[in-house]
Amino acid sequence: MPELPEVETIVKDLLGAVLNKKIVALKVFPGSERLFIKHRSSYFKKQLINHSVNHLSRHGKYIIFHLSEKKFLIMHLRMTGSMSVSTRKNSQLKYEKIRIIFSDDTAISFMDIRKFGTIDIVNTLDILKDKLGPDAISDEFNVEFLVDQLKRKQSSIKAALLDQRIAAGVGNIYADEACWDAKINPLAPAASLKKKQINQLCNSIKMVLNNSISNRGTSINNYMDLAGNQGYHQTKVAVYGRNGEPCIKCRSIIIKIRVVGRGTFYCPKCQNK
DNA sequence: CTTACAGCCTGGGTGC
DNA sequence: TGCACCCAGGCTGTAA
């Protein structure tokens with residue numbers, strides 16, 4: 001599932017394929033109906049065609065295309081979305097839902113197995129500001145911010161880390177990995193953490209995310225990069241998906257529980273508070 | 001205000 | 001080989 005490091009890898013790879021290109025067509029494939037619940041596909045065509053991609057960025061797990069005339073195309077891959085570079089003439093790719101075609105006949109494709117992905121076109125990014133806190137690898141995501149947010153939380157630290165208004169971009173895998181690195185039990189009440197622990201957790205979150213970016217993301221379940229390749233970070237995970245296996249620090253057996261409906265993996269010895 | 005949870009989807013895995 | 005069932009989880013809407 002694409003979380004911050006996977007989306008970051010996709011955005012970096014996409015940059016050369018879209019920057020300063022003019023959109024001339026939008027191809028819509030069967031099975032894309034859910035993408036057009038909020039606006040019809042004709043609306044997207046009208047908004048996109050003859051606009052250029054001036055810039056590409058990411059906030060949390062959202063991909064943001066900065067278009068000419070101050071419009072923004074916002075995409076979210078959710079669980080199983082992926083992107084690919086294609087051309088105007090390619091036949092439909094597997095699970096391909098839409099294709100954005102440029103004036104040089106190159107194109108980018110959005111694929112999605114489970115149809116949870118979303119797209120939207122907006123005139124300002126205010127909608128993201130309402131939904132998201134600071135991006136988890138940005139300077140605005142720091143110990144002061146985290147202390148302030150966690151003290152008013154009534155939930156577990158795991159639930160707090162999955163809250164995108166707190167840690168935009170952190171998902172289930174990296175929440176577990178960061179808690180393990182910081183030696184914090186995922187069930188610990190968020191408000192119970194001491195400043196020293198929060199400082200460690202903040203550092204662990206950034207470290208885990210940046211390491212994964214260096215490895216082009218974690219391919220567990222369906223994540224693939226633009227070229228259809230897996231990342232390399234799945235061989236580096238310490239706890240996620242490793243229930244029944246020994247902790248790489250203390251050899252205790254990693255256990256799996258459910259927290260806020262998510263599979264949650266931790267070391268009962270290393271993460272005992 | 002907060003938190004919890006069902007629902008959205010489909011491929012892959014398991015058990016019979 | 002086939003079939004029924006379960007699981008994965010990001011986000012939204014609704015309920016408590």
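Per chain, numbering begins at 1; letters A, B, ... match sequence-line order. All values reported here derive from a predicted model rather than from experimental measurement.
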Worksheet item: In whole angstrom, what separates A:I63's CD1 from C:dG10's C1'?
Response: 14 Å
Worksheet entry | Charged N-O contact under 4.0 Å between A:K153 and A:D163 | yes
Discussion item. At less than 4.0 Å, is any side-chain N or O atom of A:R152 found next to OP1 or OP2 of B:dT2? Yes or no.
Written reply: no
Worksheet item: B:dT3 P sits how many Å from A:L150 CG, rounded?
Response: 11 Å
Worksheet item: In whole angstrom, what separates A:K115's NZ from B:dG11's C1'?
Response: 13 Å
Worksheet entry | Under-4.0 Å salt bridge between A:K38 and A:D120 | yes
Fill in: N or O in side chain of A:H76 less than 4.0 angstrom from C:dG10 OP1/OP2
no
Discussion item. Ignoring hydrogens and geometry beyond distance, is the side chain of A:R262 in donor-acceptor contact with the base of C:dA8 at under 3.5 Å?
Written reply: no
Item to complete: Can you label the angle between the A:H55 ring and the A:H66 ring as parallel, tilted or perpendicular, going by 30° and 60°?
Response: tilted
Discussion item. Check A:R216 with A:D13, please: is the shortest side-chain N to carboxylate O separation under 4.0 Å?
Written reply: yes
Discussion item. In this structure, how many angstroms lie between the C1' atom of B:dT2 and the CD atom of A:Q154, rounded?
Written reply: 8 Å
Practice prompt. With the side chain of A:Y62 defined as its heavy atoms from C-beta on, choose the nearest nucleotide among C:dC11, B:dT3, C:dA8.
Written response: C:dC11
Worksheet item: Any sub-3.5 Å donor-acceptor pair from A:D135's side-chain atoms to A:G60's backbone N or O?
Response: yes
Worksheet item: With a 4.0 Å cut-off on heavy atoms, is A:K256 in touch with a base, just the backbone sugar-phosphate, or nothing at all?
Response: sugar-phosphate
Worksheet, complete the sentence: Exactly one candidate in A:I254, A:I257, A:D176 meets side-chain contact (heavy atoms from CB on, under 4.5 Å) with A:Y266; the answer is A:I257
Response to the item:
From the candidates C:dG10, C:dT12, B:dC9, the one with an atom nearest any side-chain atom of A:K131 is C:dT12
Worksheet item: Can you tell me if the side-chain N/O atoms of A:Q164 get under 4.0 Å from OP1 or OP2 in C:dG10?
Response: no
Discussion item. Rounded to whole Å, please give me the gap between OH in A:Y95 and P in B:dC9.
Written reply: 16 Å
Discussion item. Taking 5.5 Å and 30° as the limits, would you call A:F116 and the base of B:dC8 a stacked pair?
Written reply: yes
Practice prompt. Taking atom P in both C:dC11 and B:dG11, compute the distance separating them and give it to the nearest angstrom.
Written response: 22 Å
Worksheet item: Atom CG of A:L162 and atom P of B:dT2: how far apart are they, to the nearest Å?
Response: 17 Å
Item to complete: Return the value, rounded to whole Å, for the distance between atom CD1 of A:I220 and atom C1' of B:dG11.
Response: 17 Å
Worksheet item: Among the nucleotides C:dC11, C:dG9, B:dG11, which one has an atom lying closest to any side-chain atom of A:I113?
Response: B:dG11
Discussion item. Closest approach to the side chain of A:S155, judged atom by atom: which nucleotide of C:dG9, B:dG11, B:dT3 is it?
Written reply: B:dT3
Worksheet item: Has A:Y223 got a side-chain N or O lying under 4.0 Å from the OP1 or OP2 atom of C:dG9?
Response: no
Worksheet item: Atom CE of A:M79 and atom P of B:dG12: how far apart are they, to the nearest Å?
Response: 15 Å
Discussion item. With a 4.0 Å limit, can you tell me whether A:R258 has a side-chain N or O closer than that to the phosphate oxygens OP1/OP2 of C:dA8?
Written reply: yes
Practice prompt. Could you measure between the two P atoms, the one in C:dT14 and the one in B:dC9, and give it in whole Å?
Written response: 16 Å
